[in-house]
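For reference, the structure discussed in these notes is given below.
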Protein chains: 2
Amino acid sequence: MKIGELAKIAQCSVETIRFYEKEGLLAAPARTAGNFREYSAEHVERLRFIRNCRALDMSHEEIHTLLRLADQPIEGCAAINTVFDQHIQHVEVRIKELEHLKQQLDTLRQQCQTDLGLDPCGILQGLADMEIEPKSDKKHTHLG
Amino acid sequence: MKIGELAKIAQCSVETIRFYEKEGLLAAPARTAGNFREYSAEHVERLRFIRNCRALDMSHEEIHTLLRLADQPIEGCAAINTVFDQHIQHVEVRIKELEHLKQQLDTLRQQCQTDLGLDPCGILQGLADMEIEPKSDKKHTHLG
DNA sequence: GTTGACTCTATAGTCACTTCAGGGTGTGTA
DNA sequence: TACACACCCTGAAGTGACTATAGAGTCAAC
């Protein structure tokens with residue numbers, strides 16, 4: 001099948017597929033006489049795997065690791081769990097961060113709900129006065 | 001004060017401050033005879049504001065808007081609330097997304113907890129079999 | 001006069017794509 | 001046969017919010 005068809009199946013763009021090939025996530029397929037990419041069933045399966053990992057917000061690096069481990073399943077089972085547990089932790093950390101943010105935002109938002117027309121605006125005042133919280137570590141998660 | 005001192009106060013890097021200047025978030029300060037940036041109290045205040053907004057995960061675009069509105073506070077009060085409410089929604093949406101992800105991840109993780117040594121690994125199997133969920137809209141949040 | 005801490009500009013790299021420019025391929029219709 | 005049109009190709013640049021690097025200049029102290 002050609003790249004457009006594959007893109008439809010995997011629900012991603014043609015450009016994304018070419019990008020994955022360049023990144024080494026998806027193997028380069030055979031070419032037709034006219035230099036079009038010709039994909040096989042294995043490519044479909046592999047791309048589905050990659051897209052599912054991305055849907056779970058895994059980084060390309062994490063996916064690379066999983067794909068490598070997938071090629072030697074028994075040996076890699078513990079390692080796969082490690083990658084997975086680390087990724088779950090990334091997600092948990094980010095959720096906690098965002099919940100903390102939301103709390104701060106809600107508090108600030110209150111300051112304008114009550115006193116409309118105040119100068120300076122309570123929100124702006126709050127943003128100016130807030131104490132900058134030093135972020136603990138920075139590289140606890142690759143999630144934005 | 002010089003850029004290094006300002007960076008310490010605002011708990012950011014010297015490069016970040018120069019970057020904000022290039023972005024138009026922080027006004028370009030006067031220069032010393034030796035071409036060093038010389039910052040005033042207003043710069044400190046402005047940078048604190050910016051850093052607090054960033055600590056709340058606002059985008060540069062959102063901060064730009066807030067800074068513009070801050071220069072005409074009474075008129076902008078309703079608009080400020082709008083920016084804020086939208087940002088709060090960004091955060092809420094992202095939290096919900098991540099919680100959904102975590103649920104999926106936990107489910108997958110279970111599949112290897114029980115049957116260690118299985119070939120193929122339950123997690124890999126799950127990643128291959130998952131149905132790709134078409135993401136609703138994409139630009140609901142600028143948060144990663 | 002030399003060390004060392006600080007500053008300057010300009011450029012490239014990060015991540016996971018998206019967009020664009022400028023062209024080639026393949027099929028269907030007039 | 002000529003043309004339109006959908007699809008494909010490569011390569012480069014843009015996104016956001018920085019971070020990192022190279023190579024050079026400034027300034028105070030010893």
Side-chain angles (χ1 to χ4, degrees), chain A residues 1-26 28-39 43 47 50-65 67 87 90 94 97 135 137-144, chain B residues 1-26 28-39 43 47 50-65 67 87 90 94 97 135 137-144:
Chain A
M1 84 183 51
K2 276 184 283 175
I3 197 166
E5 198 183 338
L6 179 59
K8 236 169 245 163
I9 291 176
Q11 310 199 45
C12 66
S13 74
V14 163
E15 290 77 19
T16 299
I17 294 174
R18 287 198 280 250
F19 175 66
Y20 288 166
E21 181 182 322
K22 207 163 52 183
E23 290 285 283
L25 284 175
L26 191 63
R31 298 292 182 116
T32 66
N35 200 30
F36 288 11
R37 288 173 179 82
E38 182 65 37
Y39 291 98
H43 285 102
L47 182 54
I50 295 168
R51 291 304 293 171
N52 280 332
C53 288
R54 287 294 302 134
L56 297 170
D57 260 3
M58 290 186 197
S59 68
H60 282 192
E61 199 185 338
E62 286 172 325
I63 299 171
H64 259 301
T65 306
L67 287 173
H87 182 62
H90 293 164
R94 186 59 179 150
E97 281 179 358
K135 296 203 177 185
D137 293 354
K138 42 187 76 171
K139 278 288 137 71
H140 44 45
T141 167
H142 60 82
L143 304 172
Chain B
M1 84 182 52
K2 274 183 283 173
I3 197 167
E5 199 183 337
L6 179 59
K8 237 168 244 162
I9 291 175
Q11 309 200 46
C12 67
S13 75
V14 163
E15 289 78 19
T16 299
I17 295 173
R18 287 197 280 248
F19 175 65
Y20 288 165
E21 182 182 322
K22 208 163 52 182
E23 290 285 283
L25 283 175
L26 192 62
R31 297 293 183 117
T32 66
N35 199 32
F36 287 11
R37 287 172 180 82
E38 182 67 36
Y39 292 98
H43 285 102
L47 183 54
I50 296 167
R51 290 305 291 171
N52 280 332
C53 289
R54 286 294 301 133
L56 296 171
D57 260 3
M58 289 185 197
S59 69
H60 281 192
E61 198 185 338
E62 286 171 326
I63 299 171
H64 260 301
T65 305
L67 287 173
H87 182 61
H90 293 163
R94 186 59 179 150
E97 281 178 358
K135 296 202 178 187
D137 292 356
K138 40 188 76 172
K139 278 288 136 73
H140 44 43
T141 167
H142 60 82
L143 302 174

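The figures that follow rest on heavy atoms only: side chains count, while hydrogens, waters and symmetry mates do not. Residue numbers begin at 1 in each chain, while the letters A, B, ... track the order of the sequences.
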Whole-Å distance separating the [atom1] atom of [X] from the [atom2] atom of [N]:
X        : N      : atom1 : atom2 : result
B:Glu23  : D:dT19 : CD    : P     : 13 Å
B:Met1   : C:dC6  : CE    : C1'   : 16 Å
B:His60  : D:dG14 : NE2   : P     : 19 Å
B:Glu15  : D:dA22 : CD    : C1'   : 13 Å
B:Glu38  : C:dT7  : CD    : P     : 11 Å
B:Phe19  : D:dT21 : CZ    : C1'   : 17 Å
A:His142 : D:dA17 : NE2   : C1'   : 18 Å
A:Leu26  : C:dC17 : CG    : P     : 13 Å

[N] OP1/OP2 closer than 4.0 Å to side-chain N/O of [X]:
X       : N      : result
A:Tyr20 : C:dA16 : no
B:Thr16 : D:dA17 : no
A:Ser13 : C:dC17 : no

Review point. Are there more than 12 heavy atoms of other residues, nucleotides or ligands under 6.0 Å from atom CD of B:Glu61?
Key: no

Check your understanding: How would nucleotides 4-12 of chain D be written as a contact map, 5' to 3', with B for base contact, S for sugar-phosphate-only contact and - for no contact, using protein heavy atoms under 4.0 Å?
Key -> ----SSB--

Review point. Closer to the 5' end of DNA chain D via nearest nucleotide, is it B:Thr32 or B:Ser59?
Key: B:Ser59

Exercise for review: Output yes when a side-chain donor or acceptor of A:His87 lies under 3.5 Å from a complementary backbone atom of A:Leu56, and no otherwise.
Suggested key: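 Yes.
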
Review point. Any donor-acceptor pair under 3.5 Å linking the side chain of B:His142 with the backbone of B:His90?
Key: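 Such a contact is absent between B:His142 side chain and B:His90 backbone.
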
Practice item. Dump the intermediate steps for salt bridge (Lys or Arg N to Asp or Glu O under 4.0 Å) on A:Arg94 and A:Glu97, then the final yes or no. Key: CA-CA 5 Å; A:Arg94 186 59 179 150; A:Glu97 281 179 358; 2.9 Å; yes

Review point. Is any side-chain heavy atom of A:Arg37 closer than 4.5 Å to a side-chain heavy atom of A:Arg18?
Key: yes

Review point. Relative to each other, are the rings of B:Phe19 and B:His60 parallel, tilted or perpendicular (30° and 60° limits)?
Key: tilted

Exercise for review: Working to the nearest 0.5 Å, report the span between CG of B:Leu26 and OH of B:Tyr39.
Suggested key: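 Here the interatomic distance stands at 6.0 Å.
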
